[in-house]
Number of protein chains: 2
Amino acid sequence: MLKLSRLTDYAVAALVRLSAAEGVETSPGIAAAIGVPEPTVAKVLKLLAGQGLVSSTRGARGGYRLGRPLASINVAEIITAIDGPIALTSCVEGATGMCESQTLCPVAGRWDPVNAAIRTALENITLADMAQSSMPRGLRLNEVA
Amino acid sequence: MLKLSRLTDYAVAALVRLSAAEGVETSPGIAAAIGVPEPTVAKVLKLLAGQGLVSSTRGARGGYRLGRPLASINVAEIITAIDGPIALTSCVEGATGMCESQTLCPVAGRWDPVNAAIRTALENITLADMAQSSMPRGLRLNEVA
DNA sequence: CGTAATCAGGACCTAAACCGTCCTGTTAAC
DNA sequence: GTTAACAGGACGGTTTAGGTCCTGATTACG
């Protein structure tokens with residue numbers, strides 16, 4: 001259904017929350033703030049830390065801190081951090097031998113332009129755009145398209 | 001993983017095939033042409049027919065015919081026909097009572113601009129664009145973005 | 001008029017992916 | 001030394017999509 005994973009949703013919530021906190025916040029603290037079970041939030045934060053979107057401090061009184069300002073984080077980065085590279089995974093996945101009927105299949109690498117288009121669209125939306133709940137939809141669209 | 005369903009892939013293959021056939025072609029015929037099991041192809045074609053992307057003729061010597069030229073069919077239409085409306089289905093799905101912590105959850109309708117951006121990106125790619133296997137990638141991208 | 005071919009529409013089952021949890025190890029403050 | 005927190009991986013339950021099949025309706029052809 002072209003859906004993104006729920007974890008990505010949590011990631012956005014966590015990042016926005018971290019931005020509001022303006023400092024170090026622990027995983028349990030964030031979990032309580034956004035209303036999501038702690039282990040799940042921890043998992044998301046680990047993934048985000050792996051991509052440098054948040055920086056972590058270990059030990060007591062440690063926690064997570066926003067790696068960059070919201071305006072410089074785009075949606076594509078978050079999705080990539082959580083779900084892996086953005087690709088519509090039809091035949092393109094490098095599945096060896098999966099498509100032995102390549103002579104028949106006329107859809108060889110044809111989704112590539114679609115993938116690219118989606119990627120650029122997502123790269124042009126920053127977390128700062130999503131953070132404003134007022135959401136001036138029509139206006140923002142023209143920036144993207 | 002932001003992936004689209006495999007059925008959508010089949011749909012594109014079937015439509016391109018129908019365009020090449022330039023006339024009526026049966027469901028088994030298309031299945032053989034694109035190398036996909038017949039029942040699955042039949043399912044896809046029914047979905048496409050429901051949205052008017054292909055027109056069907058029943059009875060013996062019947063079959064499917066392309067509803068419109070490839071250039072006037074965009075990717076968003078196909079995805080919508082197969083997978084339903086394009087929406088990243090986080091909280092937005094109208095799930096009543098699913099998000100009882102709305103006061104906490106700061107991700108209310110925030111994915112809407114993202115959905116819209118993806119939708120417009122997909123609407124700007126036609127099947128004719130996908131049909132050319134040469135795929136001048138960088139050029140086409142600028143048309144979209 | 002009957003038979004065969006084809007689409008229409010739904011029900012069903014299997015399989016895979018995701019979500020969420022837990023466990024163990026490492027680091028740093030008190 | 002103890003406690004609080006992140007790091008990283010492994011595991012099971014649930015959901016969703018993919019694929020198949022069956023029955024009915026429609027039309028060409030003999």
Side-chain angles (χ1 to χ4, degrees), chain A residues 1-11 13-14 18 23-32 34-65 67 79 81-84 87-91 93 95 98, chain B residues 1-11 13-14 18 23-32 34-65 67 79 81-84 87-91 93 95 98:
Chain A
M1 216 188 284
L2 197 68
K3 74 177 173 197
L4 51 81
S5 67
R6 200 180 307 172
L7 293 189
T8 307
D9 195 355
Y10 299 157
L18 268 180
V24 180
E25 186 156 24
T26 70
S27 165
I30 298 172
I34 66 179
V36 171
E38 193 275 330
T40 302
V41 170
K43 184 180 210 171
V44 169
L45 287 169
K46 284 177 221 169
L47 288 169
L48 293 176
Q51 296 301 314
L53 294 178
V54 300
S55 65
S56 62
T57 311
R58 289 165 75 141
R61 306 219 31 179
Y64 291 96
R65 182 193 313 269
I79 297 179
I82 303 293
D83 292 330
L88 304 189
T89 62
S90 307
C91 332
E93 278 213 324
M98 168 192 172
Chain B
M1 219 187 281
L2 197 66
K3 73 177 172 196
L4 51 80
S5 68
R6 200 180 307 173
L7 293 191
T8 307
D9 196 355
Y10 300 157
L18 268 180
V24 180
E25 187 157 23
T26 70
S27 167
I30 298 173
I34 66 179
V36 171
E38 192 275 331
T40 302
V41 171
K43 185 180 207 171
V44 169
L45 287 169
K46 283 177 222 171
L47 289 169
L48 293 176
Q51 296 299 314
L53 293 178
V54 299
S55 65
S56 62
T57 311
R58 287 164 76 142
R61 306 218 34 179
Y64 290 97
R65 181 193 313 272
I79 297 179
I82 302 294
D83 292 330
L88 304 190
T89 62
S90 307
C91 332
E93 278 212 324
M98 167 191 173

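A note on names: the letters A, B, ... follow the listed sequences, proteins ahead of strands, and every chain is numbered from 1.
Sequence order on DNA chain C of the closest nucleotides to A/G59 and A/T40 puts A/T40 first from the 5' end. Between A/K43 and A/G62, the residue anchored nearer the 5' end of DNA chain D, judged by the nucleotide with its closest heavy atom, is A/G62.
Counting only heavy atoms from C-beta outward, the side chains of A/Y64 and A/S27 approach each other to under 4.5 Å.
To the nearest angstrom, C1' of D/dC22 lies 13 Å from CD of B/E38. The distance from atom OH of A/Y64 to atom C1' of D/dA4 is 13 Å, rounded to the nearest whole Å. Straight-line distance from the CZ atom of B/R6 to the C1' atom of C/dT14: 14 Å, rounded to whole Å. Protein atom NZ of A/K3 is 6 Å distant from nucleotide atom P of D/dT16, rounded to whole Å. Regarding B/D9, its CG atom lies at a distance of 17 Å from the P atom of D/dA17, rounded to whole Å. Following rounding to the nearest Å, A/L48 (CG) and D/dA7 (P) show an atom-to-atom distance of 11 Å.
Contact between the side-chain N/O atoms of A/T57 and the OP1/OP2 oxygens of C/dA28 is not found at any separation under 4.0 Å. For the pair B/T26 and C/dA5, the criterion of a side-chain N or O lying under 4.0 Å from OP1 or OP2 is not met. Here B/Y10 reaches the OP1 or OP2 of D/dG19: one of its side-chain N or O atoms lies under 4.0 Å away. Between A/R61 and C/dC30 there is a side-chain N or O to OP1 or OP2 distance below 4.0 Å.
Closest to the side chain of A/A60, out of C/dA8, C/dC7, D/dA4, is D/dA4.
For the side-chain contact (heavy atoms from CB on, under 4.5 Å) with B/L53, the qualifying choice from B/L47, B/L18, B/L48 is B/L48, the only one to do so.
Contacts of B/L7 with the nucleic acid, taken as non-hydrogen atoms under 4.0 Å apart, involve only primed sugar atoms and P, OP1 or OP2.
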